[in-house]
Amino acid sequence: MAFYDELSEQEIIRRNSLEELRKLGINPYPAAEYPVTHTTGDILKDFENMSTKRAEVCIAGRIIARRIMGSASFFELQDEKGKIQVYVKRDDICPTEDKTLYNTVFKKLLDIGDIVGVKGIVFRTQMGEESVHTTELTLLSKSIRPLPIVKEKDGKVFDAVTDSEMRYRQRYVDLIINPQVRETFINRSKVINTMREFFNSKGYLEVETPILQPIPGGAAARPFVTHHNALDIPLYLRIANELYLKRLIVGGYNGVYEFAKDFRNEGMDRTHNPEFTVMEIYIAYKDYFWMMNFTEEMLEKVAIAIHGTTKITFGDKEIDFKRPFRRITMTDAIKEYTGIDITGKSENELRTICKELEVEVDDTMGKGKLIDSIFGEKCEEHMIQPTFIMDYPIEMSPLCKRHRNNPELTERFELFIAGKELCNAYSELNDPIDQLERFQEQLKLSEKGDDEAMFIDMDFVRALEYGMPTCSGMGIGIDRLTMFMTNNQSIQDVLFFPQMRPEKKPQKDNAEAYAQKGIPTEWVPILQKMGFNTVASLANVAAGKLFNDLCGYNKKNKLGLKNPSMDDVKSWVE
RNA sequence: CGGUUCGUAGCUCAGUUGGCAGAGCACGUGACUCUUAAUCUCGGGGUCGUGGGUUCGAAUCCCACCGAACCGACCA
C-alpha cells in the first residue's frame, strides 16, 4: 500500500483494474497489430451506404464517454478523424454462458481514456445516431490516469479545460480533449506544405544549414551560447540562416530555401518563443520588387489552401490576402501617420522629432534605429491589411543592397499584417567591399553599446568576394503566419510544446533517510502526508503533538499499524 | 524587470463579516436491453500552490516565495 500512497483514489482503482485484467488473461498492453479498416471519418462520410449494407468495420481509438445500462451500453470512441458512438450488447460479445467480458471487463475494468479496438456493424440507432454495433471488443491500451472530462450537447461544450498551464505542459491531454487544437496543428502542417509545394514547383532546392554556428549571423538578436568540448570553442544556436543560404547562392544554386528553427535569447510573450520557425528563401537574379510579387502569390495560395478563400478572420479583424497588397515606403508611412517628412534629416534632428512625438530613445541609437522607433510606435499598429513597407534606412539593414536611387536607403521590404511584422526581404547585398564596411559599421554600433549589433563574418565576406549573383531573399515567421491562418492570438497555441518554466516538485526524502533516524518505513507516507517531506523538517517539532497526531491518524484511518512509543517519537524529532 | 489577476477533490468551479471544506461531472456500489451532458439509489475522495505572520480560530486578512494569464518594459 505504501507504494500507492502518492496516487489518487481513482489512479489506485485503475491500477487495480490492470491486475484484474491480467488475472483474467487479458494483456492490457498487447503487442499484436490491430487490423483497423476504417476511421470514424470514413464511416461518417459514407454512412448511408455503409449502414444500408450493414458493413463490417474495425475501428480503434480512445473511449471518451460511456453510457452503461444493464446488459447493453453505449460508448463514444474517438480516433484521429473524430468520434462515433459504439453500441455494446452483452449477449453479442458474450455468446456463451460466460458473461465476464461484458459484466466485468467492459463494465468494471474499462474506463474513459482506454484505447480499444471495435469490430462491428455500421448501423443507425432508434434515436438516429450513427453507430457501430460491436461484435468483438479488444483492449489495446489501458489508461491508468483519469482524463479531464469534457461534455458536449448541441455543440455546446461543458467544463472545457482552458487552464493554459495544463494545456501547454500536458499538450497530449489538450490534444485529446480539445479537438480544435488538433485542427490547428493540421493547418500548421498545411501552411508549410503549401509553401514547400509552391517552391518545389518553381524548381527551388530545399536545403539544411548549421544550427550550431561559430558566428551567429544574419540578424540582430541575442544568441544562446553553448560549448563544443572536442573543439573547445563556443558555439551559438543560430539566430538566422541567411549567411549560409547566400553562400549556397554563391555556390551556384539558383534558388534555395530552408524551414529553420531559430533561437533568440530574449523575452517571451504572446508573440515570442525562444525557439521559433522561420522560412528563408534566396533566389538568384531577382530583386525585391520581384520578391514582393512572389510573396503575395505565396500567401494568397496559403490562405486559399487553409480557408478556400483569401479572406480570413483574425480576432475581431477581417484580413484579405488577395493580391496585390498595398506598397508604401517607410518614409511615406511615417509622413502619413505623423505628418513629418524625415527625408534628409540628421541624427540630431531625428532625436528632436522623437522627443516631439514622445517616442522613447536612448543614446546608443543611431539614425536607423531612431527611424525604426518612430515607425514602430506610430505606424505599425495601423498596418492591418497586408502592407509592404519598403526602403529602410541603411544603418539598420547591413546585409541589404543600397537603394538604386538613394544611397541613404536600402532595397528592403517588410510585410505587416494586423500590426505585426510577418516577412522581411531584401535585394541582397553582393558587393563584398560594401559588405565588409557595413559589418565594420555594426562593430562601431556594438562598441557604442548596442548589444545586438552583428558580428563580422569574414568567411561570408570571402564568399562574396568570389562573386554572388544579384539575388533576392525573404524570410517569413511560420509561427506568426500560422497564428493568422488559424486565428490564434498566442504563439503558444501554434507550438506543440511552447517553452515554459520547468515544473518544480516539492523535495521529498526517501524511506532510507527516515530509517537512519529509526523511523519505520510504514510511517513515512503518513509523516509526508502531514507535511514532513524531509527528515530535517521533523527537527524541533513538538513530540507530544506529533505522537498524538500519528496515533490518531492510525486509528481514524484504521491502518492497524503498531503505534510508536512516545520515546520513539521524541528520538525522531531531535 | 514592473503592474494587475489567479492557484480549493481527477476535471470545471462555488465558498457570505475570519467560525465544522461545498456542488456538478468523474470515481465506487446497486438498478436498468436503443442511450446520447443517459437516468435513478447509496457511498468514498481535500497538504485550500509553498512557507511564515496576525488571531482563541485563516481557503478567507498580512508578508515572502513558486507557478500561470493579461498589460507594460525589453525585444523582432
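Worth saying up front: this structure is predicted, and the values here are computed from it rather than measured. Here is how names work: the chains are called A, B, and so on, in the same order as the sequence lines, proteins then strands, and each is numbered from 1.
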Chemist: Counting heavy atoms from C-beta on, name the nucleotide in G10(B), U35(B), U33(B) closest to the side chain of S8(A).
Modeler: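 Closest nucleotide among those given: G10(B).
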Chemist: Let me see the working for R14(A) and E11(A) under salt bridge (Lys or Arg N to Asp or Glu O under 4.0 Å), right down to the final yes or no.
Modeler: CA-CA 5 Å; R14(A) 288 189 180 214; E11(A) 288 173 291; over 6 Å; no
Chemist: Sticking with atom P, work out how far A9(B) lies from G22(B), rounded to a whole angstrom.
Modeler: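 So the two P atoms sit 14 Å from each other.
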Chemist: How far does the C1' atom of C32(B) sit from the matching atom of G15(B), given to the nearest Å?
Modeler: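 Rounded to whole Å, the distance is 37 Å.
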Chemist: So which one's nearest nucleotide on RNA chain B is more toward 5', K153(A) or M268(A)?
Modeler: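 Closest to the 5' end, via its nearest nucleotide, is K153(A).
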Chemist: May I have the distance from K89(A) (atom NZ) to U35(B) (atom P), rounded to whole angstrom?
Modeler: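 About 14 Å, once rounded to whole Å.
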Chemist: I'd like to know whether the aromatic ring centres of Y288(A) and F388(A) sit less than 6.0 Å apart in this structure.
Modeler: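 Here the rings of F388(A) and Y288(A) have centres that are no less than 6.0 Å from each other.
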Chemist: F123(A) CZ to C34(B) C1': how many Å, rounded?
Modeler: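 It is 7 Å, rounded to the nearest whole Å.
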Chemist: Please state the P separation for the pair A58(B) and C65(B) - nearest whole angstrom.
Modeler: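 After rounding to an integer number of Å, I get 24 Å for this pair.
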Chemist: Can you figure out which of A37(B), C75(B), U35(B) approaches the side chain of R222(A) most closely?
Modeler: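 Shortest atom-to-atom distance from the side chain points to C75(B).
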Chemist: In whole angstrom, give me the gap between the C1' atoms of U54(B) and A69(B).
Modeler: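 So the two C1' atoms sit 31 Å from each other.
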Chemist: Is R171(A) paired with D174(A) through a side-chain N to carboxylate O contact shorter than 4.0 Å?
Modeler: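 Yes, D174(A) and R171(A) are salt-bridged.
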Chemist: With rounding to the closest Å, how many angstrom separate the C1' atoms on C1(B) and U17(B)?
Modeler: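 Nearest-Å result for C1(B) against U17(B) at atom C1': 38 Å.
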Chemist: Would you mind telling me which of A69(B), U33(B), G67(B) lies closest to the side-chain atoms of A72(A)?
Modeler: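 Nearest to the side-chain atoms of A72(A), counting from C-beta on, is U33(B).
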Chemist: In whole Å, I'd like the distance from the CE atom of M166(A) to the P atom of U12(B).
Modeler: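 Value for this atom pair: 6 Å.
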Chemist: Hey, can you tell me if F484(A) and F314(A) have their rings parallel, tilted or perpendicular (30° and 60° cut-offs)?
Modeler: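 Because their plane-to-plane angle is over 60°, the rings of F484(A) and F314(A) count as perpendicular.
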Chemist: I need the R480(A) CZ to L422(A) CG distance, nearest 0.5 Å.
Modeler: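 Going from CZ on R480(A) over to CG on L422(A), the span is 8.0 Å.
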Chemist: E11(A) CD to G45(B) P: how many Å, rounded?
Modeler: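 After rounding, the gap between these two atoms is 17 Å.
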Chemist: Give a yes/no answer on whether the side chain of Q489(A) brings an N or O atom under 4.0 Å of OP1 or OP2 in C70(B).
Modeler: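 Looking at the OP1 and OP2 atoms of C70(B), neither is under 4.0 Å from any side-chain N or O of Q489(A).
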Chemist: Taking only the side-chain heavy atoms of F158(A) (C-beta and beyond), determine which of A68(B), U35(B), A37(B) contains the nearest atom.
Modeler: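 Of the options given, the side chain of F158(A) lies nearest A37(B).
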Chemist: Please evaluate the base of U35(B) for a donor-acceptor partner in the side chain of Q85(A) within a cut-off of under 3.5 Å?
Modeler: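 Such a pair is found, so the answer is yes.
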Chemist: Atom CZ of R270(A) and atom C1' of C75(B): how far apart are they, to the nearest Å?
Modeler: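 Going from R270(A) (CZ) to C75(B) (C1'), I get 15 Å.
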Chemist: For RNA chain B, please output the secondary structure as dot-bracket, reading 5' to 3'. Pairs are Watson-Crick or G-U wobble, both atom distances under 3.5 Å; mark crossing pairs with [ ], other-strand partners with |, unpaired with a dot.
Modeler: (((((((..((((.....[..)))).((.((.......)).)).....(((((..]....))))))))))))....
Chemist: Does F106(A) have R66(A) sitting over its ring (NZ/CZ under 6.0 Å from centre, angle to axis within 45°)?
Modeler: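 Yes, a cation-pi geometry.
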Chemist: Work out how far the P atom of C13(B) is from that of G43(B), and round it to whole angstrom.
Modeler: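 28 Å, rounded to whole Å.
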Chemist: From CE of M500(A) over to C1' of A68(B), roughly how many Å is that when rounded to an integer?
Modeler: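 After rounding, the gap between these two atoms is 6 Å.
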Chemist: Rounding to an integer number of angstrom, what distance separates A37(B) and A21(B) when you compare their C1' atoms?
Modeler: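 Going atom to atom, C1' in each nucleotide, I get 27 Å.
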Chemist: L429(A) and C400(A): which non-hydrogen atoms are nearest, and at how many Å?
Modeler: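 What the structure gives for the nearest pair is CB-C, 3.7 Å.
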Chemist: What's the closest nucleotide to the R67(A) side chain, out of U33(B), U12(B), A38(B)?
Modeler: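 For R67(A), the side-chain atoms sit closest to A38(B).
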Chemist: Taking only the C1' atom of each, what is the distance from G19(B) to G3(B) in whole angstrom?
Modeler: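 Going atom to atom, C1' in each nucleotide, I get 35 Å.
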Chemist: Angle between ring planes, H133(A) versus Y87(A), binned at 30° and 60°: parallel, tilted or perpendicular?
Modeler: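 It falls in the perpendicular class, over 60°.
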Chemist: Would you mind checking if E395(A) and K367(A) are paired as a salt bridge, meaning a charged N to carboxylate O distance below 4.0 Å?
Modeler: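 Salt bridge between K367(A) and E395(A), a charged N being under 4.0 Å from a carboxylate O: no.
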Chemist: More 5' along RNA chain B: E380(A) or H133(A), using each one's nearest nucleotide?
Modeler: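 It is H133(A) whose nearest nucleotide is closer to the 5' end.
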Chemist: May I ask you to decide whether E441(A) forms a salt bridge with R438(A), counting only side-chain N to carboxylate O separations under 4.0 Å?
Modeler: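 No.
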Chemist: Quick one: list whatever passes side chain to side chain donor-acceptor pair (under 3.5 Å) with Y392(A), sequence neighbours left out.
Modeler: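 Here the qualifying residues are E414(A).
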Chemist: What does the list of N/O pairs under 3.5 Å between the protein and nucleotides 25-32 of chain B look like, with a distance for each?
Modeler:
| unit_1 | atom_1 | unit_2 | atom_2 | d |
| --- | --- | --- | --- | --- |
| C25(B) | O3' | K151(A) | NZ | 3.2 |
| A26(B) | OP1 | K151(A) | NZ | 3.0 |
| A26(B) | N3 | Q10(A) | NE2 | 2.9 |
| C27(B) | O4' | Q10(A) | OE1 | 3.3 |
| G30(B) | OP2 | K108(A) | NZ | 2.8 |
| C32(B) | N3 | G70(A) | N | 3.2 |
| C32(B) | N4 | M69(A) | O | 3.2 |

Chemist: Is A65(A) touching bases, backbone alone, or none of the nucleic acid, heavy atoms closer than 4.0 Å?
Modeler: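 No contact at all - A65(A) keeps every heavy atom at 4.0 Å or more from the nucleic acid.
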Chemist: Remember a base hit wins even if backbone is also touched, and classify D154(A) as base, sugar-phosphate or nothing at under 4.0 Å, heavy atoms.
Modeler: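 Counting heavy atoms under 4.0 Å across all strands, no contact is made by D154(A).
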